[in-house]
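One is the number of the first residue; the rest follow in order along the sequence.
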Amino acid sequence: MSSSRPSANPRRPVAQSIAPSISKPQLTIEEWEAKAPLGDMAIKSIALVKAACEKTPLPPKVCRFSVDEAEISRPSTPNLRVKLGSGSRPSTPVAALPRNIPTHALHPKQPVQTPQQFYDWFAQIDRSVAHSQEAHFRAHVEMVSEHLSTADMLLDRIDEVDHEVDSMLEGWRSVEEGGKSLKDACEKLLEERDRLLELTDDIGTRLEYFQELEHATRMLNHPGESLVLQTDFLYMVERVDICIEYLKSHRYYKEAEIYLLRFQQCMTRAMTLIRMFFVGSLRALTADVTKRLAERDVSSTAQMHLLYTRFRSVTTQLAPLLGELERRAEAHPEELSALLSECHTAYISARKGLLVGRLMEEIRGLDPSHTELVELTSAGCSYLKQLCMDEFNLYREFFNSGEDQLYPYLENLCDYLYDDLRPRILHETRLTTLCEVCTVLQALMVLDVAELPDEPVDHDELILDFESHKPKGLRKLHISHLLQMVLQDAQTRLFFKAQSVIQAEIRYYIPKPEDLAYPDKLVAARKPASQFDIKEKESTSRLFHLPSLDKQETWFPTLQKTVWVLSQLHDFVKPAIFEDIAQEAVSLCRQSLVASSGAIKLRSPPTSNLDGELFLVRHMLILKEVANNLDFVRKDAEPVADFGGMTDALAAILNKTTSLLPDALFASLGMPRGQESITDAKHDIDQDLKRACQDVISYCASPLCEPLRDWVDRIRIHNSARAALADRDAPLLTEQEWAQQSAAEDLNTKFAEALERDLRSSVTRMRLYLEDDRTVSVLVTHIEEAIVDDYMGFRDVVWNMYAGGMKSTVFSLQDLRANLRNICQ
């Protein structure tokens with residue numbers, strides 16, 4: 001039995017196998033079953049799976065299509081409807097049987113009589129059996145055919161839907177394009193409408209600036225005193241100002257220049273009305289106040305009320321108008337500054353007419369001809385300061401500009417007092433009085449700064465000023481400008497008077513015997529000081545901070561006068577002028593101290609030389625510190641602020657192990673070395689102080705060590721001469737009487753006695769002159785080093801000469817240092 005299978009769908013091409021055939025061992029069914037026998041349960045399971053797989057149902061979403069449509073779209077393979085045993089259609093044609101005799105499909109229509117008939121019948125049976133065995137293959141083919149037909153039907157439907165979707169998309173696109181065109185057209189119409197509306201608004205806005213001229217002209221054509229007080233007046237002025245600024249920035253408009261000129265004329269007319277109203281109101285108020293002040297028995301309180309309270313009462317009406325005039329004059333100075341200046345002049349003239357008479361009466365009440373200069377300066381300047389403050393505050397109530405006219409007016413008021421002060425200041429001969437006058441004037445200036453500090457910039461205040469359109473002009477009154485002239489006169493007179501004092505009492509001062517009575521003055525100064533002297537010294541110490549100000553009476557008069565004059569001038573003259581006069585005073589004082597030191601050394605006592613040098617060291621140290629505190633010297637050298645600073649410098653040098661040279665010592669003090677050029681007073685002081693310290697060290701150490709040095713030099717000269725002559729018959733050194741051991745011991749004894757006597761006395765004098773123990777110890781240390789150096793040379797010579805015979809007599813280094821410390825302490 002043969003069965004036909006449907007060919008593959010042309011939409012699904014069958015992939016051809018291109019893999020090469022590989023020979024593998026073939027297994028027959030019998031061998032497979034023998035090697036993998038199945039049980040009953042496995043056989044039943046296979047049968048069930050086979051039965052279930054014979055026909056796979058279609059998906060539910062496809063089942064809605066009818067079987068007829070499937071059969072129409074694709075013919076199906078006929079199914080085997082009958083099985084063996086239930087009758088089937090014969091595969092070969094058979095003879096027609098009677099309809100009433102039920103026969104089987106495989107039953108022979110005629111009895112089998114021949115072998116050929118049997119073979120035919122058996123072949124039919126065999127084909128039927130084969131056909132029955134291939135039933136499940138045919139069922140599977142039928143099912144596959146049914147699925148293929150369903151898939152073809154679905155593909156057709158998909159094509160139809162795809163076509164419909166394409167047509168719908170095409171229609172949507174055409175609608176979208178049409179809507180977009182309509183939308184663009186509508187937007188263009190809206191933009192055109194907005195542009196026309198904006199153009200209309202712009203034209204209307206620009207026309208408003210031109211139309212404002214008619215309104216301003218109509219208001220100004222009806223003048224009157226009450227016009228400037230109307231609410232619309234300032235609004236009109238503001239609008240005119242805006243129009244002027246607008247037309248200046250748009251001069252290219254047609255007829256813009258003509259309208260700009262007319263608007264400026266309107267602004268000038270408006271500001272002229274403000275000026276006329278202000279001047280008229282000021283004249284009326286001034287006439288009324290003058291009339292009231294001319295009455296008898298007008299108290300000072302009433303005068304203050306008339307001069308200030310009455311004027312402040314009209315500021316609420318006039319200040320806004322003047323503020324508008326000031327702001328417009330600042331924006332348009334060429335057209336309106338003259339009007340504002342006329343208002344300033346009218347106000348100042350009115351105030352000057354009211355105040356001059358009262359001011360002259362107050363100055364006459366001070367009695368300038370009999371009052372002390374300091375008292376007159378204090379009272380008069382205080383009164384003028386208060387008057388100027390009142391005038392300045394009242395002026396600020398009206399104006400916020402015009403400082404260039406206000407200050408000359410206030411200076412003119414001050415001139416009435418200055419006319420009496422200047423002659424007395426220029427003829428004053430007392431330096432202290434001139435200093436007190438300067439103190440009074442400077443105190444008023446300082447109080448002015450303290451009472452009226454610079455106002456900080458406040459953001460809220462700036463906003464208010466911007467809203468009120470009031471420019472920031474006057475902030476505070478600078479009294480220093482008004483007092484500067486009289487202060488300059490006092491400073492000039494003070495400078496020339498100080499110069500005359502320096503020349504008379506420092507340069508050409510002739511010392512008296514009691515001025516040179518040193519050290520008696522230092523001994524007498526050890527008594528307690530009076531309370532008055534203490535206060536005077538404290539006033540000077542505030543400037544100079546000197547460590548020995550508690551004994552100023554021990555200073556040489558020229559040094560006292562120098563410190564006093566410079567302390568008086570320090571706060572009252574300019575730094576450059578003070579530097580010149582201070583350098584001159586210090587230089588002249590130094591010269592007088594050097595000359596006085598020489599005069600002390602010419603006295604008869606043998607200790608006068610040491611007294612003269614200690615006098616010079618003491619005063620040069622004080623003068624050096626005065627120069628450092630005045631701070632008028634160059635800063636190229638390290639300054640020494642006080643005795644303690646000098647002591648520290650000396651102590652730093654003593655820590656060195658090398659020998660101490662005088663130049664190294666004084667270079668550490670900030671003094672020049674050797675023959676360096678000395679160009680100012682500070683270096684002259686350093687040079688004199690260096691020389692004086694060297695002389696003090698020499699005067700203290702040389703008398704003690706000079707006999708020892710002479711003896712050692714004599715020994716060396718004798719040895720050198722004997723070696724040069726090579727004369728063996730010359731007397732030996734030990735045969736000389738002056739070179740005997742007893743002579744050397746006598747020298748050593750005298751040296752020890754001189755240490756106890758002379759060195760102790762010298763150190764006591766140094767403590768008396770220099771007063772500071774640390775400073776004295778520094779100089780004493782250098783004296784000790786000089787003595788030790790000379791004595792060690794003497795000791796080495798005697799040890800070598802006498803073979804240690806004086807070892808127990810002379811001092812060892814440690815013993816000598818200990819002895820010197822005991823004596824000096």
Side-chain angles (χ1 to χ4, degrees), residues 176-278 319-340 400-401 459-460 462-472:
E176 182 69 17
E177 291 177 358
K180 185 176 181 180
S181 301
L182 179 61
K183 179 181 177 182
D184 294 340
C186 294
E187 290 178 352
K188 288 181 180 179
L189 291 176
L190 291 175
E191 290 177 358
E192 183 68 17
R193 186 200 64 176
D194 295 339
R195 188 182 65 80
L196 293 176
L197 292 176
E198 184 179 357
L199 181 60
T200 303
D201 294 339
D202 291 342
I203 293 174
T205 302
R206 287 165 173 78
L207 287 176
E208 288 179 359
Y209 293 99
F210 295 90
Q211 293 170 354
E212 188 65 28
L213 178 63
E214 181 181 357
H215 173 70
T217 304
R218 185 168 57 250
M219 177 175 287
L220 293 174
N221 285 337
H222 300 281
E225 294 184 357
S226 60
L227 176 62
V228 296
L229 301 178
Q230 294 181 4
T231 306
D232 295 340
F233 178 77
L234 294 181
Y235 177 74
M236 180 270 297
V237 172
E238 182 68 22
R239 292 294 301 169
V240 170
D241 193 13
I242 294 174
C243 293
I244 291 175
E245 294 297 329
Y246 181 80
L247 291 176
K248 283 184 177 180
S249 59
H250 299 82
R251 293 180 179 269
Y252 53 88
Y253 285 173
K254 186 177 182 180
E255 297 184 358
E257 295 293 339
I258 297 175
Y259 276 88
L260 178 60
L261 180 60
R262 292 179 180 178
F263 274 121
Q264 290 175 345
Q265 292 174 351
C266 291
M267 178 63 69
T268 304
R269 289 177 61 187
M271 296 299 104
T272 303
L273 291 177
I274 292 177
R275 192 262 301 170
M276 294 174 59
F277 179 76
F278 171 73
L321 299 175
L322 293 174
E324 291 295 326
L325 177 57
E326 287 178 332
R327 194 166 70 87
R328 299 307 183 281
E330 183 181 6
H332 312 286
E334 296 180 358
E335 297 86 359
L336 304 177
S337 59
L339 296 176
L340 181 60
N400 200 30
S401 62
H459 181 68
D460 298 334
L462 291 177
I463 294 177
L464 293 176
D465 291 336
F466 178 77
E467 292 175 353
S468 62
H469 301 291
K470 189 173 183 179
K472 277 292 180 184

Test side chain to side chain contact (heavy atoms under 4.5 Å, CB included) applied to His332 and Glu334, Glu335, Glu330, the passing residue: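 The single option meeting the side chain to side chain contact (heavy atoms under 4.5 Å, CB included) with His332 is Glu335.
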Option among Asn400, Leu336, Leu321 that satisfies the side chain to side chain contact (heavy atoms under 4.5 Å, CB included) test with Glu326: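 Checked Asn400, Leu336, Leu321 against Glu326; only one passes side chain to side chain contact (heavy atoms under 4.5 Å, CB included): Asn400.
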Residues in side-chain contact (heavy atoms from CB on, under 4.5 Å) with Arg218, at least two apart?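 With sequence neighbours excluded, Arg218 shows a side-chain contact (heavy atoms from CB on, under 4.5 Å) to Glu214, His215, given in chain and number order.
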Suppose we screen for side-chain contact (heavy atoms from CB on, under 4.5 Å). Which residues come up paired with Leu260, at least two apart in sequence or across chains?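 In terms of side-chain contact (heavy atoms from CB on, under 4.5 Å), with neighbours along the sequence ignored, Leu260 is linked to Ile244, Leu247, Lys248, Arg251, Glu257, Gln264.
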So do the side chains of [X] and [Y] get within less than 4.5 Å of each other, counting heavy atoms only?
X      : Y      : result
Arg239 : Met236 : no
Met276 : Val228 : no
Ile242 : Glu212 : no
Cys266 : Leu213 : yes
Val237 : Met271 : yes

Which residues pass the salt bridge (charged side-chain N to carboxylate O under 4.0 Å, His left out) test with Arg262, sequence neighbours left out?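 Per chain and number, Arg262 pairs via salt bridge (charged side-chain N to carboxylate O under 4.0 Å, His left out) with no residue.
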Name all residues meeting the ring pair (Phe, Tyr, Trp, His ring centres under 6.0 Å) criterion together with Phe278; count only those two or more places apart in sequence or in a different chain, and write none if there are none.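 Expected list: Phe399.
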By ring pair (Phe, Tyr, Trp, His ring centres under 6.0 Å), which residues pair with Tyr246, not counting sequence neighbours?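 With sequence neighbours excluded, Tyr246 shows a ring pair (Phe, Tyr, Trp, His ring centres under 6.0 Å) to Tyr209, His250, given in chain and number order.
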How would you list all residue pairs meeting side chain to side chain donor-acceptor pair (under 3.5 Å) that involve residues 187-208, not counting sequence neighbours?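 Listed by first then second residue: Glu192-Arg195, Arg206-Tyr253.
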Checking Leu220 against Leu273 for the side-chain contact (heavy atoms from CB on, under 4.5 Å) test, could you report, in this order, the C-alpha distance in whole Å, the side-chain angles of both residues, the deciding distance, and whether it holds? CA-CA 9 Å; Leu220 293 174; Leu273 291 177; 4.0 Å; yes
